[in-house]
Amino acid sequence: MEKIVFLAVMVSACFAVPQDLSGKVFVFPKENNKDHVKLLTTKSVFSSYTVCLRFFTDLSRTYSLLSMAIPSGSNAIVLYKFDPKAIRIHTLEPAADFLSMPFQVNTWHSLCVTWESNKGLSQVWLDGKPSVKKFIVSGAPINGKPITVLGQEQDSYGGGFDAAQSFVGMISDVHMWDHVLPPTEIKSYMNHKHVTAGNVFSWRSLQYEIVRNHCYIQMILEQMW
């Protein structure tokens with residue numbers, strides 16, 4: 001088994017300065033209704049999107065990986081695992097359930113989600129395999145100043161967190177684009193190869209705020225995958 005070495009770096013305050021987080025993870029160590037990471041962007045209109053991230057958890061209950069709210073609604077984008085083999089994707093409030101997906105615990109998973117407003121179709125990629133495409137909502141873009149968080153599910157604009165929906169584990173390599181990536185690019189991400197950095201959120205230049213009692217990132221000193 002490949003050895004993994006972690007170094008926890010503790011800081012007294014969390015500043016929204018863009019940082020290259022390559023080789024690092026956000027650690028969510030306990031269930032609660034407070035701890036989350038807020039991702040910051042100047043973009044506020046999305047006629048399409050692709051969100052990619054990697055995560056590791058031992059949870060078998062429901063949890064939220066990413067939640068974007070806008071002033072007109074708390075479910076602008078939600079990546080919500082609600083069943084051992086299913087994930088629910090919200091876009092502009094409506095949702096689609098993607099079933100028969102192998103979300104094994106204590107395993108690193110690579111997840112990408114796409115949606116485009118013209119056709120209203122969404123698709124989930126998990127560990128290199130695409131789902132069927134499902135209709136969520138069409139005809140209008142996501143429009144409004146977003147609040148985007150990792151690790152909690154917003155029931156109101158920037159709040160309304162529920163500990164029973166919180167994420168416990170590790171999240172890494174988060175990117176978001178304001179368009180649908182072609183399958184070749186998604187496969188490159190899944191295979192840990194070079195991919196053009198997200199133009200909404202980029203793990204290689206991430207502007208974020210950590211909200212909790214103590215702020216830290218665990219730095220991976222050896223190859224994790």
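Index from 1, following the sequence.
Here the CG atom belonging to Asp83 is positioned 9.0 Å from the CG atom belonging to Asp97, to the nearest 0.5 angstrom. Taken to the nearest 0.5 Å, the OG atom of Ser156 stands 7.5 Å off from the CZ atom of Phe161. Taken from CG in Leu40 to CD in Glu209, the straight-line distance is 5.0 Å, to the nearest 0.5 Å. Between the CG atom of Leu126 and the SG atom of Cys112 there is a distance of 10.0 Å, given to the nearest 0.5 Å. Interatomic distance, Phe28 CZ to Ile210 CD1, rounded to the nearest 0.5 Å: 8.0 Å. Annotation: the span from His90 atom NE2 to Ser67 atom OG amounts to 9.0 Å, rounded to 0.5 Å.
The two residues Asn199 and Lys43 come nearest to each other via the heavy atoms O-CE, 3.0 Å. Annotation for Ser131 and Met101: closest pair CB-CE, 4.4 Å, computed over non-hydrogen atoms. Across every non-hydrogen atom of Trp108 and Asp127, the tightest pair is O-OD1, 4.2 Å. Taking all atoms of both residues into account, the shortest heavy-atom contact from Glu116 to Val180 is CB-CG2, 3.9 Å. Across Arg204 and Val195, no two heavy atoms sit closer than the pair NH2-O, 2.9 Å. Considering all non-hydrogen atoms of both residues, Met176 and Tyr49 come closest at CE-CB, 3.8 Å.
The aromatic rings of Trp177 and His175 sit parallel to each other, their planes meeting at less than 30°, with 60° as the upper class boundary. The aromatic rings of Phe55 and Phe167 sit perpendicular to each other, their planes meeting at more than 60°, with 30° as the lower class boundary.
Looking at Trp115 and Val137, their side chains come closer than 4.5 Å, going by heavy atoms from C-beta outward. Taking the side chain as every heavy atom from C-beta outward, Asp162 and Asn33 never approach each other to under 4.5 Å. In this structure, the side chains of Pro29 and Arg212 come closer than 4.5 Å at one or more pairs of heavy atoms. For the pair Leu66/Thr148, a side-chain contact is recorded, criterion being any heavy-atom separation below 4.5 Å from C-beta on. Side-chain contact check for Val168 versus Arg61: some heavy-atom pair is nearer than 4.5 Å. No side-chain heavy atom of Glu185 sits under 4.5 Å from any side-chain heavy atom of Thr50. Inter-residue side-chain proximity for Val113 and Ile77 is flagged as unmet; no heavy-atom pair is nearer than 4.5 Å. Considering only heavy atoms from C-beta on, Val27 comes within 4.5 Å of Met170 through its side chain.
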Run the side chain to side chain contact (heavy atoms under 4.5 Å, CB included) test on Phe98 and Ser122 for me, step by step, so that the C-alpha distance in whole Å, both residues' side-chain angles and the decisive distance to 0.1 Å come before the verdict.
CA-CA 10 Å; Phe98 294 84; Ser122 183; 4.0 Å; yes

Show your reasoning for whether side chain to side chain contact (heavy atoms under 4.5 Å, CB included) applies to Lys134 and Ile89.
CA-CA 10 Å; Lys134 292 192 174 183; Ile89 306 302; over 6 Å; no

Determine, stepwise, if the pair Ser110 / Trp125 fulfils side chain to side chain contact (heavy atoms under 4.5 Å, CB included).
CA-CA 8 Å; Ser110 297; Trp125 290 69; over 6 Å; no

Tell me, with the steps shown, if Phe103 and Thr57 meet side chain to side chain contact (heavy atoms under 4.5 Å, CB included).
CA-CA 10 Å; Phe103 285 98; Thr57 184; over 6 Å; no

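In this structure, the side chain of Asp20 engages the main chain of Ser22 through a donor-acceptor pair within 3.5 Å. Of the possible donor and acceptor atoms, none in the side chain of Tyr63 sits under 3.5 Å from a partner among the backbone N and O of Glu153.
Here Tyr208 and Trp203 keep their ring centres 6.0 angstrom or further from each other.
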